[in-house]
Amino acid sequence: MKKSSLDKKNNNKIWGGRYSTSPSELMEEFNSSIQFDQILYVEDIEGSIAHSEMLSKQNIISKKDFLSIKSGLEQIKKEISNNQFHFSSKLEDIHMNIESRLVEIIGDAGKKLHTARSRNDQVATDIKLWLRKKIDEIELRLKNLQQTLIEKSEIYYDLLMPGYTHLQVGQPVTFGHHLLAYVEMLGRDRGRLLDCRKRMNELPLGSAALAGTSYAIDRHFVADKLGFSKPTENSMDSVSDRDFAVEFMSASSLIAIHLSRLAEELVIWSSDRFSFIKLPEKFTTGSSIMPQKRNPDGAELVRAKPGRIFGNLLSLMTVLKGLPMTYGKDMQEDKEPIFDTVKNIELCILNMDGMISEIEPIPEKMMEALQKGFPTATDLADYLVANLKIPFREAHHLTGKIVLLAEKKISSLEDLTIEDIQSIVPGVDLSILKVLKIKNSVSSRKSYGGTAPKNVLKAIENAKKRFLKG
Ligand code: ARG
């Protein structure tokens with residue numbers, strides 16, 4: 001800490017009035033958020049223009065002042081977007097950097113902008129405006145990913161592959177059916193985002209520092225201008241609420257979970273033991289030492305990102321817990337986790353979309369794994385129940401013996417002869433052989449939501465209607 005900085009008179013034009021010293025340099029750096037909240041400049045300016053228009057409509061400031069505030073703010077927006085703006089950490093944050101520059105540009109009229117508001121309602125408004133846009137963007141990206149998955153499932157609606165439980169072959173399914181499972185997850189994710197968007201879409205501005213204001217402001221007008229459904233109801237809640245950010249981050253955590261599960265499948269499927277798919281080369285990387293490698297780094301990163309995305313959620317929840325009403329500087333710690341979550345969830349969705357759109361299944365490998373995995377064993381047991389009236393538990397047991405026999409003969413269930421089966425279940429006829437065919441097993445799963453290719457085609461049409469129209 002440099003002593004000289006303590007001795008100087010406070011040079012903060014915005015709140016330095018009652019101060020006789022400047023903050024320590026250490027404090028200045030600690031306290032300022034401009035390094036990361038400058039990302040909010042568009043929304044900050046948008047909010048200020050709507051606020052000043054309302055002040056002028058209500059005769060709190062003159063029309064002339066409003067117009068010069070507006071043109072000053074528009075100039076600042078250009079300066080920032082052209083990288084011609086000097087951000088200062090002495091001015092703490094984006095709100096004060098913009099306001100201070102406004103006064104430089106337009107003079108005294110600029111000093112009227114902060115009438116009937118505070119940074120507390122301002123920052124809550126800025127984040128909501130910013131996040132609302134990002135939610136729309138993320139929601140659209142999820143929709144695009146659903147479209148990619150649906151297009152692939154249309155191509156592979158009848159491609160046979162093993163369906164797993166415990167990562168052991170369970171029953172045959174189609175690749176299209178498997179991909180559509182993710183379309184459902186992403187559909188729920190979109191629903192959660194929209195739900196959160198709807199709840200957060202209330203305007204905090206005009207709540208001022210915490211108690212409202214004595215000026216005759218019109219919050220409904222500002223809400224309307226900024227596309228909020230209405231102003232918030234309670235001024236204290238307005239400035240202290242970050243539920244919307246927690247909700248967004250928790251919705252993002254679920255998206256991250258879903259994408260990481262798909263990413264893990266891509267890693268497994270593309271491994272040389274499985275070889276079910278080829279990942280597009282563009283989303284893999286080589287090894288610096290092992291020349292033969294094509295590592296699934298894109299998928300691995302999507303698999304790993306929940307680490308930070310959950311971390312961000314936990315970080316904000318921890319900041320908020322136990323925080324007394326209303327605003328506390330603690331809340332400045334909301335921003336980096338929110339921004340980081342948005343950035344990373346977008347990257348995950350985009351990269352996943354890129355990988356899925358060029359994924360190439362290898363049908364022979366899927367079939368090979370199917371045949372080794374005796375996936376029609378359940379069909380066989382069901383057949384014994386239906387045709388020989390054997391109780392299911394007993395049929396299960398007998399089927400187990402048939403599987404053991406196939407294993408001993410190093411054969412698939414499909415390749416067993418009728419004699420083989422009759423040696424365990426005397427009295428069965430040739431019709432049992434049909435049941436052992438993998439293809440027949442899949443096409444028999446016609447129950448609603450089941451994997452029969454005919455169902456998958458219907459499910460695709462249904463998914464298009466539910467998720468892609470509009
Ligand atoms: N930079 C601050 C934040 O992000 C803005 C609000 C400051 N309010 C205050 N009373 N110091 O939270």
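First listed ligand is number 1; within each ligand, the first listed atom is number 1. Throughout, residue positions are numbered sequentially from 1 according to the sequence presented.
- From the protein, the heavy atom lying nearest to atom 5 (C) of ligand 1 is Asp93 OD2, 3.4 Å.
- The only member of Leu102, Ile76, Asp126 that meets side chain to side chain contact (heavy atoms under 4.5 Å, CB included) when paired with Ile45 is Ile76.
- For the ligand labelled ligand 1, residue Glu92 lies outside the 4.0 Å heavy-atom shell.
- Side chains of Gln171 and Thr378: a donor-acceptor N/O pair is present below 3.5 angstrom, by distance only.
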Could you check Ser207 against Ser238 for side-chain hydrogen bond (donor to acceptor under 3.5 Å, both in side chains), going step by step and ending with a plain yes or no? CA-CA 7 Å; Ser207 301; Ser238 311; 3.1 Å; yes

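- In terms of polar-atom proximity, defined here as any N/O pair under 3.5 Å, Tyr327 does make such a contact with ligand 1.
- Within the structure, side-chain hydrogen bond (donor to acceptor under 3.5 Å, both in side chains) pairs that include any residue of residues 272-282 comprise Lys282-Glu358 (at least two apart or interchain).
- Near Ser33, with a cut-off below 4.0 Å to any heavy atom, the atoms of ligand 1 are 1 (N).
- Remark: ligand 1 atoms within the under-4.0 Å shell around heavy atoms of Val123 are 4 (O).
- Close N/O approach between Gln332 and ligand 1 is found [any backbone or side-chain N/O within under 3.5 Å].
- Salt-bridge annotation for Arg192 and Asp195: absent, with no side-chain N of the basic residue lying under 4.0 Å from a carboxylate O of the acidic one.
- Ranking protein heavy atoms by distance to atom 8 (N) of ligand 1, first place goes to Asn120 OD1, 2.9 Å.
- Using a 4.0 Å cut-off between charged side-chain N and carboxylate O, Glu79 and Arg101 make a salt bridge.
- Atom 4 (O) of ligand 1 has Lys335 NZ, 2.5 Å as its closest protein atom, hydrogens excluded (heavy atom only).
- Protein heavy atom nearest atom 11 (N) of ligand 1, with residue, atom name and distance: Arg119 NH2, 3.5 Å.
- For the pair Lys128 and Phe244, the cation-pi criterion (under 6.0 Å, within 45° of the ring axis) is fulfilled.
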